[in-house]
Amino acid sequence: MVSKIISFSILTLIVSIVLINYFSRVKPNHPLADLNVQEIIQEYNYPVEVHNVVTEDGYILTLHRIPHGRGNLSRKRKPILLLHGLLQSAWDFVHLGPNQSLAFVLSEEGYDVWLGSVRGTTWSRNHTNLDPDKDAAFWNYTIHELGVYDLPAFVDYVLEKTEQKSIHYLGYSQGTIAFFIMGSEKTDYLSKIKFMAAFSPAFFLKDPISPIVKFLANNWRSLQGLLNFFNYRELFGRGDLFSSYMKFVCHDENSVLINLCIHTHFSIFGYSYDELNKSMLPLTAANTPCGVSLKQFVHVFQIADSGDFHRYDFGTEGNLEKYGQEQPPHYDVSRVTTPVAIYYSSNDWAVNINNMDRVLKTVPNVVKSYKVPLEDFNHLDFLYAKHVGDLLFNVLLDDLSKY
Ligand SMILES: *[C@@H]1O[C@H](CO)[C@@H](O)[C@H](O)[C@H]1NC(C)=O
Ligand SMILES: *[C@@H]1O[C@H](CO)[C@@H](O)[C@H](O)[C@H]1NC(C)=O
Ligand SMILES: *[C@@H]1O[C@H](CO)[C@@H](O)[C@H](O)[C@H]1NC(C)=O
Ligand SMILES: *[C@@H]1O[C@H](CO)[C@@H](O)[C@H](O)[C@H]1NC(C)=O
Ligand SMILES: *[C@@H]1O[C@H](CO)[C@@H](O)[C@H](O)[C@H]1NC(C)=O
């Protein structure tokens, strides 16, 4: 049995190395694919600043800022902080340019836009004394740390630089999870957020429709087993098998492989043909998916499996040792009294719409709940849909303007 497992592992390893080697020779066929976040913002003729923020536990994170749009510069500008989803980064709020990407839309509307990238993502792979490529301890974190260290560090930094007492916040998917962790664990931060916009709130993740997400949720214990085997480590980093696979199948909109790219996206996020712009796929794949820690990844699927919003589950013994109780403690969302607007959709295969009733009952100060009026609108369409401006951003701008 053991020798079978070992030979299987060795075989898998060899096949992976060969495939990665093959995949990684293919470059995305898009003129902007080689740019980083700063360069792509400049490419679209917007001003950009790059800031480094150090968290209480030593992670060095990047905050990108688009201080103003191309229009009226003399206006007083309201700071807004944007936080991306799992496997994403600031890239996903800017790469499609002024007509499509939320950061520019907000910028033209008079906001001072700040884009966070959480620890472990392409732009935030640094630490005051750990090396992400050498030290397993760098990857020893769950989503909890994003909520209690990364997000508070971003908020404090923006407040200090803009000399404000409070800011607007928009989170997408994992960006909403981080917010509700911060709000329930560090209540002194509640008054620092004027208004929170939640795109596809993801802290109740029960019954994902995606077969892939469901499989991972059902099998998080096996994933957790890998933690012991591989130690703490990065998943979906730049040279990783899945990232290389996505770059490979998405690299050219005119290749037949693009159908694999589309089906991989759709089988995770929901089928949404009409809103998909095929030519953006090579550009998206240039920097997405990007790194997460294996432990963070397991935490997400624990939440999807249990349907509850709780800290990392170490198993009965580990929980007793860590938390003094057999079950991981729940986050108390009822503490989060910030005005919150919820935006969700019916064809979201990652966050099943059936969770929304519970979200609405649990979050104490929901000032708006908006279901995107398009049956096929999927999880990724919140950022990438062709008509996301009309379907969603215009409503958001209206809601933001009231706070
Ligand atoms: C720019 O915005 C300010 C404040 O909103 C306004 O008073 C001014 O008239 C605007 N200027 C132009 C050229 O639109
Ligand atoms: C954005 O839209 C405007 C008008 O709708 C158009 O003139 C412009 O070429 C578009 N820019 C890009 C980069 O697609
Ligand atoms: C990481 O941060 C250290 C400071 O702690 C700095 O000297 C180094 O240049 C940074 N590395 C990268 C790749 O940015
Ligand atoms: C990981 O972090 C926990 C604290 O959350 C600590 O108890 C443990 O020793 C760390 N493990 C490694 C390998 O750094
Ligand atoms: C589709 O994406 C391409 C490449 O990013 C972009 O140039 C084009 O304007 C987009 N088209 C639509 C309809 O959004």
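Remember, it's 1-based here, ligands and their atoms both numbered in the order they're listed. All figures in this text were calculated on a predicted structure; none of them were measured in a lab.
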**Q** I would like to know whether His387 and Glu275 meet side chain to side chain donor-acceptor pair (under 3.5 Å); could you show each step before the answer?
**A** CA-CA 7 Å; His387 302 103; Glu275 287 302 313; 2.8 Å; yes
**Q** Which atoms from ligand 5 have a heavy atom of Ser279 less than 4.0 Å away?
**A**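 Answer for ligand 5: 1 (C), 2 (O), 3 (C), 4 (C).
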**Q** Is the ring pair Tyr331/His299 parallel, tilted or perpendicular, if the boundaries are 30 and 60 degrees?
**A** tilted
**Q** Enumerate, one pair per line, all nitrogen or oxygen atoms of ligand 3 lying under 3.5 Å from a protein nitrogen or oxygen, stating the separation to 0.1 Å; write 'none' if no such pair exists.
**A**
{"from": "ligand 3", "atom 1": "2 (O)", "to": "Asn126", "atom 2": "OD1", "distance (Å)": "3.3"}
{"from": "ligand 3", "atom 1": "2 (O)", "to": "Asn126", "atom 2": "ND2", "distance (Å)": "2.4"}
{"from": "ligand 3", "atom 1": "11 (N)", "to": "Asn126", "atom 2": "ND2", "distance (Å)": "2.8"}
{"from": "ligand 3", "atom 1": "14 (O)", "to": "Asn126", "atom 2": "ND2", "distance (Å)": "3.4"}

**Q** Against heavy atoms of Lys322, which atoms of ligand 4 measure under 4.0 Å?
**A** 4 (C), 5 (O)
**Q** Parallel, tilted or perpendicular, judged at 30° and 60°: which one describes the rings of Tyr271 and Tyr273?
**A** tilted
**Q** Listed by chain and number, what are the disulfide bond (SG atoms under 2.5 Å apart) partners of Cys290, not counting sequence neighbours?
**A** none
**Q** Please identify which atoms of ligand 5 are closer than 4.0 Å to at least one heavy atom of Gln100.
**A**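 Matching atoms, with element in brackets: 14 (O).
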**Q** Could you tell me if any non-hydrogen atom of His30 lies under 4.0 Å from any atom of ligand 5?
**A** yes
**Q** Counting from 1, what ligand 4 atoms have a heavy atom of Asn140 closer than 4.0 Å?
**A** 1 (C), 2 (O), 3 (C), 8 (C), 10 (C), 11 (N), 12 (C), 14 (O)
**Q** Just say parallel, tilted or perpendicular for the rings of Tyr46 and Phe104, cut-offs at 30° and 60°.
**A** tilted
**Q** Which class fits the ring pair Trp114 and His51: parallel under 30°, tilted 30 to 60°, perpendicular over 60°?
**A**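 Judged by the thresholds at 30° and 60°, the geometry between Trp114 and His51 is tilted.
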**Q** Report yes if Asn277 has an N/O atom closer than 3.5 Å to an N/O atom of ligand 5; otherwise report no.
**A**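 N/O-N/O distance under 3.5 Å: yes.
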**Q** Would you please name every residue forming a side-chain hydrogen bond (donor to acceptor under 3.5 Å, both in side chains) with Ser173, sequence neighbours left out?
**A** His379
**Q** Assess, by modelled atom type and distance only, whether the side chains of Ser306 and His310 contain a donor and an acceptor separated by less than 3.5 Å.
**A**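 Indeed, the side chains of Ser306 and His310 share at least one donor-acceptor pair under 3.5 Å.
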**Q** Any salt bridge (charged side-chain N to carboxylate O under 4.0 Å, His left out) pairs touching residues 144-166, not counting sequence neighbours?
**A** Arg119-Asp150, Asp156-Lys192
